[in-house]
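See structure below.
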Amino acid sequence: QVQLVESGGGLVQAGGSLRLSCAASGRTFPFQVMGWFRQAPGKEREFVAGIRWRGALTYYTDSAKGRFTISRDNAGNTVSLQMNSLKPDDTAVYYCAGGTVLAPVHNLSSYNSWGQGTQVTVSS
């Protein structure tokens, strides 16, 4: 079974940057879509950014457009999220997710593998 492991979270001041990475382990890479979601305390998990593995089409929630960039590394079976101009509202646990079926990237139900999450804290 493929496991997803996130890294790169941390504490940053408002206006700063962080880069999250998600590595997929296993002998084969089964995912058609990969995404980043986040969950703040007391809130539901929400879509941030997604990518179709073939063709590298990318998608973003409105709050991420222009500030975040999702990218993939075929050779390393990794997906990254570059986050710039961070705001305190971006504070959350960020989760990497993989879906084995080509499905809408913004839907939680499109994914069947999840990482353990990495904390991002943006101070004002």
Side-chain angles (χ1 to χ4, degrees):
Q1 184 177 356
V2 177
Q3 290 187 325
L4 299 176
V5 179
E6 302 104 333
S7 60
L11 172 65
V12 65
Q13 289 188 331
S17 299
L18 282 175
R19 185 177 180 87
L20 306 182
S21 293
C22 174
S25 65
R27 299 177 66 180
T28 61
F29 186 82
F31 301 122
Q32 298 288 331
V33 294
M34 294 201 75
W36 287 96
F37 289 74
R38 68 186 181 188
Q39 189 167 16
K43 295 187 177 181
E44 294 185 349
R45 191 169 299 189
E46 65 176 3
F47 171 74
V48 177
I51 187 168
R52 291 190 176 187
W53 203 254
R54 296 180 182 177
L57 292 174
T58 58
Y59 306 83
Y60 300 92
T61 191
D62 286 345
S63 63
K65 288 178 183 177
R67 299 190 299 128
F68 295 1
T69 303
I70 187 171
S71 60
R72 62 168 169 79
D73 174 6
N74 277 2
N77 290 339
T78 60
V79 63
S80 298
L81 184 67
Q82 177 66 42
M83 304 187 295
N84 299 326
S85 302
L86 283 162
K87 306 174 182 178
D89 285 348
D90 295 317
T91 296
V93 177
Y94 283 70
Y95 297 90
C96 172
T100 55
V101 176
L102 191 60
V105 298
H106 59 281
N107 287 346
L108 282 165
S109 60
S110 297
Y111 300 89
N112 45 18
S113 291
W114 292 84
Q116 80 285 356
T118 185
Q119 176 70 46
V120 171
T121 303
V122 184
S123 62
S124 58

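Everything quoted here is computed from the prediction, not taken from an experiment.
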From CG (L81) to OG1 (T69), nearest 0.5 Å: 8.0 Å

Would you mind writing out the side-chain donor-acceptor pairs for residues 96-109 within the sub-3.5 Å range, not counting sequence neighbours?
{"unit_1": "T100", "atom_1": "OG1", "unit_2": "N112", "atom_2": "ND2", "d": "2.8"}

Minimum heavy-atom distance C22-W36, with the two atoms named: CB-CZ2, 3.7 Å

All side chain to side chain donor-acceptor pair (under 3.5 Å) counterparts of S123, not counting sequence neighbours: none

Co-membership, hydrophobic cluster, residues V93 and V48, 4.5 Å side-chain: no

CZ-OG1 distance between R52 and T58, expressed to the nearest 0.5 angstrom: 11.0 Å

Donor-acceptor contact present, side-chain R67 to main-chain S85, <3.5 Å: yes

Side chain to side chain donor-acceptor pair (under 3.5 Å) partners of residues 4-19, not counting sequence neighbours, each pair once: E6-Q116, S17-N84, R19-Q82

Spatial distance of atom CG (L11) from atom CD (Q119) [nearest 0.5 Å]: 9.5 Å

Nearest heavy-atom neighbours spanning A24 and L4: CB-CD2, 3.7 Å

Summary of salt bridge (Lys or Arg N to Asp or Glu O under 4.0 Å) pairs that have at least one residue in residues 42-51, sequence neighbours excluded: R38-E46

Passing candidate, side chain to side chain contact (heavy atoms under 4.5 Å, CB included) with V79, options D73, L20, I51: I51

Pairwise ring pair (Phe, Tyr, Trp, His ring centres under 6.0 Å) hits with a residue in residues 51-91, at least two apart: F29-W53

Side-chain donor or acceptor of S80 paired with backbone N/O of S21 under 3.5 Å: no

Evaluation steps, side chain to side chain contact (heavy atoms under 4.5 Å, CB included), between L18 and D90: CA-CA 11 Å; L18 282 175; D90 295 317; over 6 Å; no

Closest non-hydrogen atom pair between V2 and P30, with its separation: CG2-CD, 3.6 Å

Set of residues satisfying salt bridge (charged side-chain N to carboxylate O under 4.0 Å, His left out) with respect to K65, sequence neighbours excluded: D62

Same apolar cluster: I70 and F37, side chain cutoff 4.5 Å: no

Check against side chain to side chain contact (heavy atoms under 4.5 Å, CB included), F31 and N77: CA-CA 10 Å; F31 301 122; N77 290 339; over 6 Å; no

Shortest non-hydrogen contact from L86 toward M83: CD2-CB, 3.8 Å

Joint hydrophobic cluster, V120 plus Y95, side-chain heavy atoms closer than 4.5 Å: no

